[in-house]
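This report concerns only the one structure given below.
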2 protein chains.
Amino acid sequence: MITREHDPRTDRRVRRTRDAIHRALIELMIEKGYEAVTVADIITKADVGRSTFYTHFTDKREVLYASIDDLAGFLRAGSQVKGGRRLFGFSRMMFEHAHEQQELLRALLGRGGGAIVYERIRLVLADLVRDDLVPRVGPGATVPLDLVVDGVVGAYMALLSRWLDEREPHTPHEMDVAFRRLVIPGVVSGLGITAPEGAAGAEPR
Amino acid sequence: MITREHDPRTDRRVRRTRDAIHRALIELMIEKGYEAVTVADIITKADVGRSTFYTHFTDKREVLYASIDDLAGFLRAGSQVKGGRRLFGFSRMMFEHAHEQQELLRALLGRGGGAIVYERIRLVLADLVRDDLVPRVGPGATVPLDLVVDGVVGAYMALLSRWLDEREPHTPHEMDVAFRRLVIPGVVSGLGITAPEGAAGAEPR
DNA sequence: TCCATTCATGAACATAGTGTCCAGCAACTC
DNA sequence: GAGTTGCTGGACACTATGTTCATGAATGGA
């Protein structure tokens, strides 16, 4: 579960309003998608004054960024703990998280999510993928690492967004397996990876 | 080269204004990206009245769609002629076209392109990829076709957009080879393809 | 409990963009 | 040349954004 930080040093009023605004945006995104949400919508649902909104945020975007950073932090943290040495350890975890938080993730990454979210998440994933691949690149690599990273992340994001939009006809586990089977062979041969631990299509239950 | 149709049956004035508006939008997109362009910008650059604009189009989006459909048509036509029986025949052709029409394609598919363009092009590519794959699916397929299509298109779009944004540090040919090397192994094994003509990473000069 | 500080409020305002309407004039087609 | 069709520009209603400010209330430290 992703939660906002609650720094007890900040004024309680500040915490309350910021929280209310964040919650409002997310609920509204679930209802009608990011682009369609207006500041007026947000302050109505959050029940705060217009001027209050603008003393805390400059933009609709700025409110959004905080939510994305929460998700990004979740991804970073989780992939280090759970991912371990497994190639693309974030994949399974992310699909499962997306399954539990369907509505939120669909709002963020589905069709209505908006390009800003997509781009930020893409960058986080690109870092994770790169960190996964760099130590495994072999001498026989025939495809530039940057291109591999872009391709892998592109494929992953595509699978994830479509899965969310289609109301998840597959299980998270099936999605993870599909992603690995589809992507790992090309990555292994393209980068000249020799000992792909955890790189097989199948995986422990 | 993508060109607008010039149906001689329509009034010359209509042709002129519609053309001017299309051209104006594209130039403005190259300057500052789709989202930032306003209707006021368009009519100023196209030098037509505001009411004129709205008698021809309901939206900024509608102007854009025509440009996309041109590109889509180019893709469909080209991939049938040039692509032939080669797997993912559109790839090389698209990279080369994107190279020649850098600014336009960057405006459409780069960061500033907007989600609408991305989605429309994605759909066209998905059709092409699907048509390519359907007749080759073998009995030993382990990954659902839909997921393969999504993954392949996602990877391709990612490579293409990044390539455009990075001002093309690689050649179209290198990009095409990278795409094939990265994607084809997984597709072949995931779909149980037995005789992948033209599926090898290398290719004739 | 008190009180200086900080925050929330809402209403007014300036700005910018969208989309509609219409009457008069110009360009086009046949 | 005449009738049709399209272009024009200006006015208008509407929605949304972001700023400002005086007022009153909540807060947290002493």
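In what follows, chains are A, B, ... by sequence order, proteins preceding strands, each numbered from 1. These numbers come from a predicted model, not from an experiment.
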Checklist entry - When you look at NE2 of A/His99, are more than 12 heavy atoms from neighbouring residues, nucleotides or ligands closer to it than 6.0 Å? => result no

Item to check | Any B/His56 side-chain nitrogen or oxygen under 4.0 Å from OP1 or OP2 of D/dG6 | outcome: no

Item to check | Nucleotide nearest B/Ser51 (side chain, heavy atoms from C-beta), chosen from D/dG9, C/dA8, D/dC21 | outcome: D/dG9

Item to check | Nucleotide of C/dT18, D/dT8, C/dA8 approaching A/Thr52 most closely (side-chain heavy atoms) | outcome: C/dA8

Checklist entry - What is the nucleic acid contact for A/Arg12, judged by heavy atoms within less than 4.0 Å: base, sugar-phosphate only, or nothing? => result sugar-phosphate

Checklist entry - Would you say A/Tyr54 reaches D/dG18's phosphate, i.e. side-chain N/O to OP1/OP2 under 4.0 Å? => result yes

Checklist outcome for this item: With the side chain defined as heavy atoms from C-beta on, A/Asp11 is closest, among C/dC7, C/dT29, C/dT9, to C/dC7

Checklist entry - Is the backbone of B/Leu87 close enough, under 3.5 Å, to the side chain of B/Arg180 for a donor and an acceptor to pair up by distance? => result yes

Checklist entry - Under 4.0 angstrom, heavy atoms only, what part of the nucleic acid is A/Asp59 near: base, sugar-phosphate, or nothing? => result sugar-phosphate

Item to check | Side chain of B/Thr38 (C-beta onward), nearest among D/dT8, C/dT18, C/dC28 | outcome: C/dT18

Next on the checklist: So for A/Arg50 and D/dG18, does any side-chain atom that can act as donor or acceptor lie under 3.5 Å from a complementary atom in the base?
Outcome noted: yes

Checklist entry - Quick one: do B/Arg86 and B/Asp132 make a salt bridge, cutoff under 4.0 Å? => result no

Checklist entry - With a 3.5 Å cut-off and just heavy-atom distances, do the side chain of B/Arg13 and the base of C/dA27 make a donor-acceptor pair? => result yes

Next on the checklist: From the set D/dT27, C/dA8, D/dC7, return the single nucleotide nearest to any side-chain atom of B/Thr55.
Outcome noted: D/dC7

